[in-house]
Amino acid sequence: MSHQQTAKVYKLQRPEQFEWLQPILKNDYQFLRFDGTSRPLWSPVKMKRVRQDERGKLRIPSDFPACSGGDMLFVSAAARSALEPVLQGAGELLPLECTDGEFWALNVMRLLDALDESNSKFLRSPDTGHILM
C-alpha cells in the first residue's frame, strides 16, 4: 500500500513598500544562488540596502529584506537571533557584508524531492534543466 505524506511548501512574497538588500556588484548574484550544499569557504558578498523606491519614496525597514534575484532569504541580526534555533539542521546562515546593518543569507541544505512532475506546471532552463518557475 502506498503511503503519501503532505509537505508544506513556502514561497517568499514581500510587499513592495519594504526595503531591499542587493549585491553591490551585479555579478555577485551568482554567489547567492544555492544548491543545497554547504559553503565552508564562504566569502561574504558585499551588499547595499535599498531604502527608497524608484520614485524616491522611503521603504519600510525589514528584518527580511527582499532581493530582486528571486527566492533568496536574507535576515537581519534580530531575525537571526529569533530564528536560529528553528533553522538548526535546515541550513546555514551565511554572513553578508553591509556597511548599513548586519545581515545573513539562508542557504537551505535540507532538501526533499517532493515535486509531482506529472501533476505540476513548471518551466525548466533549456541550458541546465533546472526548474525556473
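Any value given below was found using the heavy atoms of this structure, including those in side chains, with hydrogens, waters and symmetry copies removed.
- Evaluation of the salt bridge (charged side-chain N to carboxylate O under 4.0 Å, His left out) rule for Asp35 yields Arg39 as partners, not counting sequence neighbours.
- At least one side-chain heavy atom of Gln22 sits under 4.5 Å from a side-chain heavy atom of Tyr29.
- Both Val108 and Leu93 are part of a single hydrophobic cluster, where members link through side-chain heavy atoms under 4.5 Å apart.
- Under the salt bridge (charged side-chain N to carboxylate O under 4.0 Å, His left out) criterion, Arg110 pairs with no residue at all, not counting sequence neighbours.
- Sequence neighbours left out, the pairs with a member in residues 87-100 that pass side-chain hydrogen bond (donor to acceptor under 3.5 Å, both in side chains) are Ser38-Glu92, Arg51-Asp100, Glu92-Asn107.
- Contacts of Glu102 classified as salt bridge (charged side-chain N to carboxylate O under 4.0 Å, His left out), with partners at least two apart in sequence or in another chain: none.
- When the salt bridge (charged side-chain N to carboxylate O under 4.0 Å, His left out) test is applied to Asp28, no partner is found at least two apart in sequence or on another chain.
- Minimum heavy-atom separation, Phe31 to Trp42: O-CZ3, 3.4 Å.
- In this structure, CG in Asp53 is found 10.5 Å from CH2 in Trp20, a value given to the nearest 0.5 Å.
- In terms of modelled atom types and a separation under 3.5 Å, the side chain of Arg49 and the main chain of Leu21 share no donor-acceptor contact.
- No side-chain heavy atom of Pro44 sits less than 4.5 Å from a side-chain heavy atom of Leu94.
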List, one per line, each side-chain donor-acceptor pair under 3.5 Å for residues 72-84, sequence neighbours excluded.
unit_1	atom_1	unit_2	atom_2	d
Ser76	OG	Asp63	OD1	2.6
Ser76	OG	Ala78	N	3.4
Ser76	OG	Ala79	N	3.2
Arg80	NE	Glu84	OE2	3.3
Arg80	NH2	Glu84	OE2	3.0

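- Of all heavy-atom pairs spanning Ser62 and Phe103, the tightest one is O-CE2, 4.4 Å.
- Contact of the Leu32 side chain with the Leu96 side chain is registered, since non-hydrogen atoms from C-beta on lie closer than 4.5 Å.
- Smallest separation of non-hydrogen atoms from Met109 and Thr37: SD-C, 3.8 Å.
- Of all non-hydrogen atoms in Arg59 and Val50, the two that sit nearest each other are CD-O, 3.4 Å.
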